[in-house]
S.K.: 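My questions will all concern the structure given below.
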Amino acid sequence: MIKLTKFNSEDKKGEFILNAEIIETIEQTPDTVVTLINGKKLIVEETMEEVVRQVMTYRRALHKF
C-alpha cells in the first residue's frame, strides 16, 4: 500500500492509501495520472518519480520476509 494525495487537495483530507498491486500505468501529462487495472484513472499531486519510488519501496518491503 502507498499513500498518495488527490490533485488540488488543500489539506490532508485529500490523502488516500492505494494498493500498489492494482496500478497498471503511471503517466506525467503534466499532472501525474495513475491508471488502475480496472481502467479507473486517478490524478495525484505526487510526481511520477515519487509514485514509482513508493511502489518500489513497497515491493522491496514485501520481499524482505
Side-chain angles (χ1 to χ4, degrees):
M1 304 290 238
I2 61 174
K3 185 190 296 188
L4 299 173
T5 310
K6 293 178 185 176
F7 186 72
N8 280 339
S9 176
E10 296 182 13
D11 55 17
K12 290 195 178 233
K13 291 182 182 178
E15 289 184 344
F16 65 99
I17 303 297
L18 177 67
N19 181 351
E21 301 297 327
I22 65 170
I23 295 174
E24 184 172 330
T25 62
I26 306 166
E27 305 170 68
Q28 191 106 24
T29 64
D31 302 322
T32 306
V33 179
V34 179
T35 304
L36 308 181
I37 59 175
N38 65 2
K40 184 174 181 178
K41 294 184 183 285
L42 305 169
I43 302 174
V44 298
E45 292 280 346
E46 290 77 12
T47 65
M48 183 172 59
E49 290 80 12
E50 289 175 75
V51 176
V52 169
R53 192 174 313 112
Q54 285 191 45
V55 170
M56 290 173 62
T57 300
Y58 165 75
R59 291 201 174 150
R60 280 189 199 119
L62 286 179
H63 296 289
K64 272 188 172 178
F65 301 102

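Side chains included, hydrogens not; waters and symmetry mates left out as well; all remaining heavy atoms used.
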S.K.: Starting at NZ of K40, measure out to CD1 of I22 and round the result to the nearest 0.5 Å.
M.R.: 8.5 Å
S.K.: Is there a donor-acceptor pair under 3.5 Å between the side chain of Q54 and the backbone N or O of K3?
M.R.: yes
S.K.: So F7 and V44, do their side chains get closer than 4.5 Å, heavy atoms only?
M.R.: no
S.K.: Under 4.5 Å between side-chain heavy atoms, counting indirect links through other Ile/Leu/Val/Met/Phe/Trp/Tyr residues: same cluster for L62 and V55 or not?
M.R.: yes
S.K.: NZ/K6 to CZ/F16 distance, rounded to the nearest 0.5 angstrom?
M.R.: 7.0 Å
S.K.: Atom CD in E21, atom CG in L36: separation rounded to 0.5 Å?
M.R.: 12.5 Å
S.K.: For the residue pair E27 and K41, establish whether any side-chain heavy-atom pair is separated by less than 4.5 Å.
M.R.: yes
S.K.: Would you compute the distance between atom OG1 of T32 and atom CD of E45 and round it to the nearest 0.5 angstrom?
M.R.: 9.0 Å
S.K.: Side chain to side chain contact (heavy atoms under 4.5 Å, CB included) with I23: which of I2, T35, I37?
M.R.: I2
S.K.: Using atom types as modelled and distance alone, determine if a side-chain donor or acceptor of E46 lies under 3.5 Å from a backbone N or O of T5.
M.R.: yes
S.K.: If you measure from CG on N8 to CD1 on I43, what distance do you get to the nearest 0.5 Å?
M.R.: 9.0 Å
S.K.: Determine, step by step, whether V33 and I26 satisfy the side chain to side chain contact (heavy atoms under 4.5 Å, CB included) criterion, reporting the C-alpha distance in whole Å, the side-chain angles of both residues, the deciding distance to 0.1 Å, and the verdict.
M.R.: CA-CA 6 Å; V33 179; I26 306 166; over 6 Å; no
S.K.: Under a 4.5 Å side-chain heavy-atom rule over Ile, Leu, Val, Met, Phe, Trp and Tyr, are L18 and V52 clustered together?
M.R.: yes
S.K.: Dump the intermediate steps for side-chain hydrogen bond (donor to acceptor under 3.5 Å, both in side chains) on Q28 and T47, then the final yes or no.
M.R.: CA-CA 7 Å; Q28 191 106 24; T47 65; 5.2 Å; no
